[in-house]
Amino acid sequence: MSLLSELKTVIEAVGLPVETGVFSDEPPEEYVVVTPLADTYELHADNLPEYEIQEARLSLFSRGNYLKRKKQLSKALLAADFSITDRRYIGHEDDTGYHHYAIDVAKLYRLEE
């Protein structure tokens, strides 16, 4: 399984529409856009990594009060064994009326042979 597919499952389970990169349809009142950030190897002694860390940013967009969704999404991510590496309010987009809140996540994956 990959980070993006797992994130999609978690986000949809809390009732939010989700897309990767950009939301292509007419955006609803609340939605999430996932942006992949990095795939890295931790330090290892034998130069042959067995695991990689995959990271992504979840951008929560909400025209209403985003606090309930932020809390709900954070709890669901932690319950699914994601590490939350950063959470921050990006700002209010006056032209669209959306609050933008970012949650950065990371997860360790065993490399496939």
Side-chain angles (χ1 to χ4, degrees):
M1 192 161 244
S2 72
L3 179 78
L4 295 177
S5 62
E6 281 194 69
L7 284 172
K8 184 176 183 194
T9 300
V10 170
I11 295 165
E12 287 177 343
V14 297
L16 288 166
V18 59
E19 290 197 27
T20 301
V22 66
F23 204 85
S24 58
D25 293 330
E26 182 70 27
E29 292 295 306
E30 293 180 311
Y31 65 96
V32 173
V33 173
V34 178
T35 306
L37 295 177
D39 299 322
T40 57
Y41 299 127
E42 284 295 309
L43 295 175
H44 40 273
D46 61 2
N47 292 330
L48 298 172
E50 292 183 35
Y51 295 91
E52 72 177 340
I53 299 172
Q54 297 180 18
E55 301 177 58
R57 170 166 287 168
L58 283 63
S59 293
L60 170 63
F61 293 94
S62 177
R63 285 198 171 133
N65 187 340
Y66 67 93
L67 296 174
K68 179 182 173 187
R69 284 297 198 181
K70 171 193 82 163
K71 183 184 238 181
Q72 186 181 35
L73 196 51
S74 295
K75 281 184 172 184
L77 290 164
L78 293 171
D81 292 327
F82 285 93
S83 295
I84 295 176
T85 59
D86 192 32
R87 296 186 317 163
R88 65 184 62 224
Y89 183 73
I90 304 299
H92 184 267
E93 299 176 354
D94 294 334
D95 57 332
T96 64
Y98 285 101
H99 292 279
H100 181 184
Y101 191 85
I103 302 173
D104 292 353
V105 297
K107 195 163 188 180
L108 189 69
Y109 290 90
R110 186 171 191 75
L111 292 176
E112 298 177 11
E113 306 220 9

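Both Leu67 and Leu60 belong to a common hydrophobic cluster when Ile, Leu, Val, Met, Phe, Trp and Tyr are linked at side-chain heavy-atom distances under 4.5 angstrom. Hydrophobic clustering of Ile, Leu, Val, Met, Phe, Trp and Tyr side chains at less than 4.5 Å, counting indirect connections, keeps Ile53 apart from Leu78. A chain of hydrophobic side-chain contacts below 4.5 Å, direct or via other Ile, Leu, Val, Met, Phe, Trp or Tyr residues, connects Leu73 to Tyr89. Note on Leu16 and Ile84: same hydrophobic cluster, where clusters join Ile, Leu, Val, Met, Phe, Trp and Tyr whose side-chain heavy atoms are under 4.5 Å apart, directly or indirectly. Tracing side-chain contacts under 4.5 Å through hydrophobic residues (I, L, V, M, F, W, Y), one reaches Leu4 starting from Val105; they form part of the same cluster.
Between the side chain of Arg63 and the main chain of Thr96, a donor-acceptor pair closer than 3.5 Å is present. For the pair Ser62 (side chain) and Gly64 (backbone), a donor-acceptor distance under 3.5 Å is present.
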Exercise. Kindly determine whether Ser59 and Val32 satisfy side chain to side chain contact (heavy atoms under 4.5 Å, CB included), including the steps that lead there.
Key: CA-CA 5 Å; Ser59 293; Val32 173; 5.9 Å; no
task = List the steps, then state whether ring pair (Phe, Tyr, Trp, His ring centres under 6.0 Å) holds for Tyr101 with Phe61.
result = CA-CA 7 Å; Tyr101 191 85; Phe61 293 94; over 10 Å; no
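In this view, Lys107 and Glu6 satisfy the salt bridge (charged side-chain N to carboxylate O under 4.0 Å, His left out) rule, not counting sequence neighbours.
His92 has its side chain within reach of Asp94: a pair of non-hydrogen atoms, C-beta onward, lies under 4.5 Å apart.
Counting heavy atoms of neighbouring residues, nucleotides and ligands inside a 6.0 Å radius, atom NZ of Lys8 does not exceed 12 of them.
When each of Asp104, Asp86, Thr35 is tested with Arg57 by the rule side-chain hydrogen bond (donor to acceptor under 3.5 Å, both in side chains), just one qualifies, namely Asp104.
Looking at Glu52 and Thr40, their side chains never bring a donor and an acceptor atom within 3.5 Å of each other.
Considering NZ of Lys70 and CD1 of Ile103, their distance stands at 8.0 Å, rounded to 0.5 Å. Once rounded to the nearest 0.5 Å, the distance linking CG of Leu77 with CG of Leu7 reads 6.5 Å.
In terms of heavy atoms, Val14 sits closest to Ile11 at CG2-O, 3.0 Å. Closest approach of Phe82 and Tyr109 over heavy atoms only: CE2-OH, 4.4 Å. Smallest separation of non-hydrogen atoms from Pro17 and Glu30: CD-O, 3.5 Å. Scanning all heavy atoms of the two residues, the minimum distance from Pro28 to Tyr98 falls at O-OH, 2.5 Å. Taking each heavy atom of Val33 and Val22 in turn, the nearest pair found is CG1-N, 3.8 Å. Between Glu19 and Ser24, the shortest heavy-atom contact is OE1-OG, 2.9 Å.
Using the six-membered ring where Trp is involved, Tyr66 and His99 have ring planes that are tilted, between 30° and 60° apart.
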